[in-house]
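To find a chain, count down the sequence lines: A is the first, B the second, and so on, and within it residues start at 1. Scope of the values below: all heavy atoms of this structure, side chains included, with no hydrogens, waters or symmetry mates.
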Amino acid sequence: MCVPVAHPQSIEQLTALLRDEPKTVLLAGGTDLMVALNHGSQRIGPDELVVSLKEVPELSIIEVDHVQRLLRIGAGVNWDELLGAPVDTLAPCLTQAARTVGSHQIRTAGTIGGNIATASPAGDGVCALVALGAVAVLTSPEGQRRVAVEDVATGPKRSVLANDEFIESIEMPIVDGWQGYSKIGTRNAMVISVAGVAVVLSADSNSCRIALGSVGPTVMLADNASTFAGDSIDWTNKEISADSLERISELVRQVASPIDDHRSTATYRSHSVGVLARRLIERGLQEMRNSI
Amino acid sequence: MTNIHDERHFELTVNGERRQVVDGYPGESLLTVLRDRLGLTGAKGACEEGECGSCSVLLDGNLVCSCLVLAASATQSSVVTIEGLGGSTDVQTAFVECGAIQCGFCTPGLIMAATNLLERSTEPQTDEIREALAGNLCRCTGYGRIVEAVQTVVVQRSQGAS
Amino acid sequence: MSDLGIRESSLTGGLGQSPLRPDGIAKSEGAYEFSSDLSADNMLIGKTLRSPHQHARIVSIDTAPALAITGVHRIITADDVPGKPTYGLISSDQPVFAADVVRYIGEPIAAVVADDEDICARAIEAIEVVYEVLPALADARLAKDPNTPSIHPDGNVIREQNVVTGDLSVVGDVIVEDHYSIGMQDQAFLGLESALAIPDEDRAGVECHVATQWLHEDLGQVAACLDLPTSAVRLVLGGVGGAFGGREDLSLQVHVCLLALATGRPVKMHYSRSESFLGHVHRHPAEIWMRHHATSEGILVKIEAEFVFDGGAYASTSSAVLVNAVTHAQGPYRCENAEVKGIAVRTNNLPCGAMRGFGVVQACFAHERQMDLLAQACGLDPLEIRRRNAMSTGDRLITGQVVESVAPVSEIIEGLSRMPFPEGAGAVEQHPYEMPGGAGNTTRPGDVVRGIGYGLSIKNLMYSEAFDDYSTARCQLRDGIVTLKFATAEVGQGFITIAPQIARSTLGLEEVELDAIDTNVGSAGSTSASRQTWMSGGAVEAACLRVRELVYQHVATTQGTDPLVYAIDGAELVNTSTGDRRPMTEVVVGLEFDEEVEYRHRPTVPLDENGQGDCHTAFAFVGHRAVVDVDIELGLVRVVEMSTVQDVGRALNPLSVTGQIEGGIAQGLGLALMEEIIQRDGRIMNPSFTDYLIPTIADMPPVVAELIEIPDPQAPMGAKGVGEPPTISSTPAVISAVQDAMNTAYGSAPHLRRVPLQPSDVAKTVNAGLGD
């Protein structure tokens with residue numbers, strides 16, 4: 001019995017493997033793959049090669065492009081690394097999302113790229129990235145393409161990623177303004193999101209992006225609510241009327257299409273994303289006012 | 001160049017020693033290898049999905065759930081298990097003395113987590129301790145004595161240092 | 001924690017002190033061997049095939065494709081059980097392997113033994129079973145309906161038990177009633193089921209190392225199924241990773257022994273977490289109706305109640321759970337008139353049985369919610385209504401039994417009323433854990449309303465209804481060293497810590513060793529029902545007292561004195577007539593004694609058809625206060641603090657008592673806020689620690705505990721069991737506190753009547769956006 005694990009040392013080696021090997025299984029943090037292997041719901045076949053992404057240096061970068069005001073994060077960066085500088089100041093909602101993920105053990109293993117690739121509607125990092133307007137850079141032997149993070153997943157556990165394709169990095173704008181992430185779980189730590197909301201208030205463009213998690217087959221951008229919020233916020237004074245906030249809640253609830261399952265009910269999920277969106281916008285505007 | 005381990009067996013560095021792993025099967029976790037192949041049963045399995053923390057070990061100094069580490073992917077890493085702490089560390093002693101141990105199944109994982117926390121942070125406050133240990137479930141103690149054990153070590157170390 | 005204090009003693013490690021656990025260092029170093037850590041040379045692995053159907057006829061089982069897999073040694077089914085085909089704690093109604101009918105999803109059908117885990121898994125998949133699916137009985141309320149077909153030869157009703165007393169025509173000035181329900185809780189011990197069976201060379205017997213709560217009960221059941229004399233089966237306690245009731249029934253014991261005997265090789269079986277949810281009994285889900293009658297001053301005059309317990313497919317301890325519920329329906333309150341009806345039934349759901357506080361947890365949730373309703377209806381403070389009705393020693397229960405145990409209910413209430421309150425809600429945003437929603441970062445101080453709630457309970461200790469409840473201990477004295485032998489299952493609770501303490505204090509000798517815990521001594525009974533400190537503690541004390549008596553006689557003989565003049569004080573023998581003192585270590589030089597004692601508690605009787613009779617042995621009491629912060633709009637709860645006043649008789653080891661209190665409260669909090677096995681058509685929807693949530697360190701608040709130490713005259717050393725009470729009334733206390741916050745926020749909110757509480761139960765009452 002063999003135990004085949006490849007440790008490519010560069011993007012070139014990784015793409016070469018994906019081109020040359022008939023069947024590969026990509027291993028990033030292991031927090032999803034290993035669960036499937038441990039429970040026997042997935043097995044490594046005799047003709048399959050496990051490709052560890054850990055030693056590919058390009059996947060662990062955190063780069064700041066001041067000219068383009070872009071933050072570029074390698075797909076292999078783990079949650080723990082997202083808690084600190086420079087992400088905590090340049091993309092604080094991603095840091096907040098990282099802090100809600102699992103435990104310290106999970107945060108030192110799980111990666112941001114894995115969170116996108118696993119295509120769960122409950123992905124905390126994905127929700128923050130969608131609100132940030134992040135783009136995933138997908139690489140394969142055929143080349144690179146860039147896909148908005150909200151478009152990577154096409155359904156639960158389904159994505160646009162081809163068999164020989166991997167997420168190399170995620171790029172997101174550095175937004176001047178305020179951003180935050182909240183998630184609901186039925187205990188105070190170590191819990192999968194029952195509902196998650198990320199809000200980014202951009203003082204650069206006087207616009208708002210609201211992303212919702214666990215209320216549909218994929219993490220989604222609440223378009224109408226985002227546009228309405230952008231239009232109804234008094235950006236000069238950083239204020240919004242109570243009526244507008246209520247309308248935002250309503251628009252968020254309308255776009256949510258959650259299900260009933262053993263973790264929660266559709267009704268509660270819709271309700272709570274409405275509340276969280278409202279709270280985050282209120283919280284953001286207040287903090288922006290305080291910092292003037 | 002790409003390093004492909006396709007041997008029938010592979011080597012791991014555990015508690016400072018190179019150890020041969022034979023008869024592994026594809027997809028085997030580090031936890032399984034430690035327990036079933038190397039006879040190191042200090043790390044415990046209670047969920048096999050990273051939710052309980054009983055299998056916590058240090059991988060290159062980072063606290064991980066060994067059930068979520070593909071054993072064959074860790075050939076270049078250094079693994080430290082509860083057996084590798086040497087015994088009678090201040091953290092271990094505090095757990096015993098503070099009543100932080102009942103059935104003790106969660107204990108090795110918690111001691112690894114607490115040991116790791118105190119390497120990262122010398123004087124953690126209560127909530128920082130709780131956040132660092134939130135991935136380690138205990139069903140017996142209600143956690144009160146566990147928090148106290150960690151706080152005891154913090155005080156002892158600060159007194160020892162002054 | 002309050003200061004539980006260490007009392008003075010000239011003896012190190014005696015009663016009232018908190019010596020360290022004898023297994024603590026090994027556990028802290030990962031060297032302690034849990035049953036799952038065991039292995040043997042030449043060992044094979046066993047695995048169970050389980051039913052995918054709730055209710056089905058087994059048409060055929062074809063093991064040939066599985067046997068053809070290389071590395072598979074044997075496959076056994078019901079046909080391979082040589083002895084009794086069934087087992088069970090109270091009635092033997094559960095098949096070792098389903099023979100013709102499966103009655104729940106997860107019921108064992110066959111077991112495979114193979115070279116390794118992977119081969120086992122493939123063999124299990126390869127066994128071909130043809131089923132004819134039958135209609136399932138999933139609703140406990142339908143089980144008794146005459147139109148409902150029986151799902152078991154013994155019928156659908158496991159037991160009906162009513163408690164009827166007094167004048168049923170009494171009607172209160174104030175009447176409150178409601179329906180309550182309790183979800184199915186899992187013991188969720190961390191150390192999964194596992195055992196190692198080693199056959200004798202001639203295969204005439206087997207040794208089984210297993211994590212269990214009651215070695216001798218397992219022994220009797222296992223030997224009967226194996227068709228072996230009990231002398232041919234030896235059970236050894238493997239390290240137990242928690243129990244909480246979930247190891248009282250057999251799980252894999254018979255299977256693993258059969259596989260070992262069939263192959264002539266050591267066999268190990270161990271469950272995964274998902275299999276564990278199928279492999280042991282759970283806390284009974286219950287539907288409860290209660291109506292309380294009181295005077296306008298809030299004095300209880302009558303209680304009416306109905307309980308329906310879903311026992312699942314097999315009886316397990318359902319009848320004992322039912323009796324506990326109906327006999328504790330009044331709670332720790334006086335009431336002369338009662339009409340309580342109870343039934344426990346079979347369904348095609350998961351079997352249910354023992355879990356910490358069995359039966360009383362369910363009853364307590366209902367009666368404490370009722371006491372809150374009554375307080376409201378009478379315009380009284382929740383503590384005041386409880387104070388006015390508090391039971392005391394000498395009161396007669398609704399079963400007619402007089403409470404002879406110390407019953408310090410009023411003292412508990414006074415203690416709770418004196419407890420200071422923690423600081424106000426959300427003064428500072430220090431850390432996400434300081435807010436409801438915790439790590440989720442949902443909530444700010446302005447979103448939070450504080451609530452305070454109380455719960456009180458009474459819990460019977462030991463076994464009831466004429467059960468011959470005893471424990472055995474042996475005390476050997478040799479070379480100045482005391483060796484204790486007992487079969488008491490150490491499951492984490494710390495009996496191995498207090499047993500030597502008892503010996504030290506009784507004999508004045510500090511060196512105490514513990515022999516292996518196995519069946520080479522008489523039964524200790526189960527580590528359940530808060531009984532081991534009393535029962536096995538009583539047995540150890542009695543054995544040590546016998547040895548002490550022999551020491552006194554020896555000294556008296558050599559000194560020409562009366563043995564009655566001697567006493568132990570600390571580590572010294574005292575001649576009370578002369579005042580002479582000698583260290584016990586000197587006195588026992590050259591002495592060898594070996595005494596074994598069976599300790600029994602006083603007899604009890606079965607309940608009659610009206611639920612009358614002295615069915616319980618003794619009682620313990622406890623009260624809890626929960627302080628919670630509730631994010632009303634989202635329905636998220638943070639428990640800020642749990643306070644408790646507990647009647648412990650005497651704290652033999654204060655640190656262990658603290659551990660039982662804090663750990664028990666965590667399980668009660670879990671039931672209140674998150675823990676439930678969710679079944680859909682008999683299938684568990686959340687059989688993992690990702691979805692069956694138990695409290696993390698982020699969910700558990702500080703516990704403030706005050707102990708009431710009034711030694712109970714009936715109890716050995718005055719000590720009452722302390723394991724179950726912390727779990728029981730902590731649950732309603734938390735719910736009551738959430739209710740209080742809801743009432744504060746919205747004037748009047750719907751009565752909370754189900755656990756575990758869902759965020760939507762709190763949020764839906766107040767949000768226009770939510771329908772009911």
Part of [X] within contact of chain B (heavy atom distance under 4.5 Å):
| X | result |
| --- | --- |
| A/Ile44 | both |
| A/Ala109 | neither |
| A/Arg107 | side chain |

Need one label for [X]: side chain, backbone, both or neither, based on atoms under 4.5 Å from any heavy atom in chain A.
| X | answer |
| --- | --- |
| B/Ser56 | side chain |
| B/Leu31 | neither |
| B/Ala132 | backbone |
| B/Val64 | both |

B/Gln151 side chain reached by B/Thr126 side chain, heavy atoms, under 4.5 Å: yes

A/Asp261 and A/Arg269 ion-paired at < 4.0 Å: yes

Under 4.0 Å between a Lys/Arg side-chain N and an Asp/Glu carboxylate O for B/Arg19 and B/Glu83?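 Answer for the salt bridge query: no.
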
Does a donor on one side chain and an acceptor on the other come within less than 3.5 Å for A/Thr118 and A/Asp32? yes

Among B/Ile82, B/Val91, B/Ile101, B/Asn136, side-chain contact (heavy atoms from CB on, under 4.5 Å) partner for B/Leu110: B/Asn136

Top residue by heavy-atom pair count (under 4.5 Å) with chain A, among B/Cys47, B/Cys67, B/Cys65? B/Cys67

Please say whether more than 12 non-hydrogen atoms of neighbouring residues, nucleotides or ligands are located less than 6.0 Å from CD in A/Glu287. yes

